[in-house]
Number of protein chains: 2
Amino acid sequence: MQDLLFDFISKYVSLTEDEKNAILSLDIFHSFRKGTVLLKEGQKTKESYFVLKGCIRTYYVVDGEEKTTAFYTEMEALTPPCVVSKTPSEYYISCVEDSIITVSNSDMEVEVNRKFPKFEVMCRILSEELLAKQRIDFDEFKTSSPEQRYLNLLQKRPDLIQRVPQHQLASYLGIKAQSLSRLRARILEKRKG
Amino acid sequence: MQDLLFDFISKYVSLTEDEKNAILSLDIFHSFRKGTVLLKEGQKTKESYFVLKGCIRTYYVVDGEEKTTAFYTEMEALTPPCVVSKTPSEYYISCVEDSIITVSNSDMEVEVNRKFPKFEVMCRILSEELLAKQRIDFDEFKTSSPEQRYLNLLQKRPDLIQRVPQHQLASYLGIKAQSLSRLRARILEKRKG
DNA sequence: TAAAATCGTTCACTTAAGTTAAGAAATGGT
DNA sequence: ACCATTTCTTAACTTAAGTGAACGATTTTA
């Protein structure tokens with residue numbers, strides 16, 4: 001499992017054995033059962049997550065209704081906005097599947113960055129990449145219809161459609177579960193006719 | 001004008017006179033007239049922008065139609081995704097108003113980061129903050145209706161509604177110009193009735 | 001394994017956005 | 001100052017998403 005993390009890191013910086021051991025000594029690898037809530041609305045936290053196996057989701061609860069805004073699967077990292085802004089969390093994070101996740105906290109990261117400056121570089125590059133990637137995702141969302149968004153998702157993350165409940169997918173696409181059902185039926189109809 | 005930039009930077013790291021002079025010697029301050037196109041679709045670039053005065057927008061052209069996805073105003077920074085991914089740009093950038101902007105390129109930044117490691121730290125923090133901020137914006141967009149988005153914008157960036165053409169605002173809100181007109185009329189109607 | 005809860009789909013109806021077109025208002029260029 | 005262009009609004013019609021309700025299928029859990 002550790003190798004997955006180190007393979008990921010090696011795409012950005014090369015680590016010595018000492019550095020690897022320093023990371024391992026932090027004891028950041030954790031398993032969670034499906035449904036486990038990692039973060040609740042209103043809670044303060046300094047934790048960031050990196051998914052090694054499984055899937056986690058972020059969701060808001062508005063008028064008693066869950067609004068899912070993101071899914072993180074294998075080799076994806078999540079630092080909740082509340083960690084950056086140092087305010088209580090506005091959303092929940094929970095496990096869609098049994099998952100193996102590294103959990104680190106920002107004090108730890110400050111310490112590691114101080115000891116190993118190359119970490120600072122990796123964090124900067126990672127943040128810049130994620131920012132650019134997320135910008136593209138946001139732009140695609142804005143400029144397309146729910147149907148186009150669904151077809152786009154089918155292309156880019158077909159696994160999500162299999163492993164995630166439809167009603168969570170629907171709010172991820174910005175629509176209601178019933179509309180997603182209808183939209184899928186519409187697409188099938190087009191393909192036949 | 002330079003002071004605006006240094007005031008902004010001072011929120012993240014403190015610079016010596018030497019460091020300030022190093023930045024000034026790069027000659028990054030530029031003025032552009034309203035309508036100037038800074039970047040075109042298909043073009044390769046290494047340039048990042050920081051708006052000191054004025055307003056720039058990013059937009060895609062889909063089937064001959066402009067789709068505006070973002071506005072950047074005073075003290076806001078933009079590194080186009082294509083700079084990070086090193087691919088041709090998928091969108092245009094142009095000036096909504098006469099603007100004063102610092103234009104830097106990524107080779108310059110690599111050099112500055114090498115000379116002054118504190119820049120690396122600032123870039124990391126800035127990227128992390130922007131990532132968190134953009135995540136919140138994306139989530140708000142996903143979880144609200146066009147009407148809610150408009151009312152939200154009225155709260156958070158009332159200046160934009162004044163300084164930007166309605167049809168550009170409309171696509172920024174993910175709808176057509178006619179729908180924005182109608183939606184505004186609907187809101188006025190509610191306030192009276 | 002039986003009862004309860006969650007999940008996915010369908011339907012009828014409502015609401016709002018997309019489309020096409022027209023015209024008024026504002027802006028820009030010469 | 002005038003003409004051309006762009007911008008904004010309105011209207012009638014079409015299309016698709018929201019809503020509330022029902023029902024079977026699946027999953028959970030007691």
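Here is the naming used below: chain letters follow the sequence lines, and residue numbers restart at 1 for every chain. Owing to the predicted nature of the structure, the values given are computational and were not obtained by experimental measurement.
The side chain of A/His167 places no N or O atom within less than 4.0 Å of a non-bridging phosphate oxygen (OP1 or OP2) of C/dT6. A/Arg184 has no side-chain polar atom (N or O) that falls below the 4.0 Å cut-off from OP1 or OP2 of C/dG8. The side chain of B/Ser179 places no N or O atom within less than 4.0 Å of a non-bridging phosphate oxygen (OP1 or OP2) of C/dA17.
To the nearest 0.5 angstrom, B/Leu131 atom CG is 10.0 Å from A/Leu126 atom CG.
Taking atom NZ of B/Lys190 as the reference point, atom P of C/dA16 lies 7 Å away to the nearest angstrom. Rounding to whole angstrom units, CD1 of residue B/Ile175 and C1' of C/dA16 are separated by 10 Å. In this structure, B/Leu169 atom CG and D/dT6 atom C1' are separated by 16 Å, rounded to whole Å. Between the C1' atom of C/dA17 and the OH atom of B/Tyr150 lies a distance of 17 Å, rounded to the nearest Å. Between the C1' atom of C/dG18 and the CD atom of A/Glu147 lies a distance of 14 Å, rounded to the nearest Å. Computed from coordinates, the A/Leu173 CG to D/dG18 P distance equals 11 Å when rounded to whole Å. Rounded to whole Å, atom C1' of C/dG29 lies 13 Å from atom CZ of B/Arg33. Here D/dT19 presents its P atom at 15 Å from CG of A/Leu180, a figure rounded to the nearest Å.
For B/Arg186, the side-chain atoms get nearest to C/dA17 when compared with the rest of D/dC8, C/dA17, C/dG18. Checked against D/dT9, C/dG8, D/dG18, the side chain of B/Gln166 finds its nearest nucleotide in D/dT9. With C/dG8, D/dA17, D/dG18 as the choices, the nucleotide that has an atom nearest any side-chain atom of A/Leu183 turns out to be D/dA17. The listed nucleotides are D/dT19, C/dT20, C/dG8; the one nearest the side chain of B/Gln178 is C/dT20.
A distance of 6.0 Å or more separates the ring centres of A/Tyr60 and A/Tyr92.
The number of heavy-atom neighbours closer than 6.0 Å to NZ of B/Lys118, taken from other residues, nucleotides and ligands shown, is above 12.
The residues A/Arg124 and A/Glu128 are annotated as salt-bridged, a charged nitrogen and a carboxylate oxygen being separated by less than 4.0 angstrom. Salt bridge A/Glu74/A/Arg163: present, at least one basic N to carboxylate O contact under 4.0 Å.
In the interface, the side chain of B/Arg182 is paired with the base of C/dG18 through a donor and an acceptor atom under 3.5 Å apart.
Nearest-nucleotide positions on DNA chain C place A/Ser181 closer to the 5' end than the other of A/Ser181 and B/Gly174. Where B/Lys34 and B/Glu65 each meet DNA chain C at their nearest nucleotide, the meeting point lying more 5' is that of B/Glu65.
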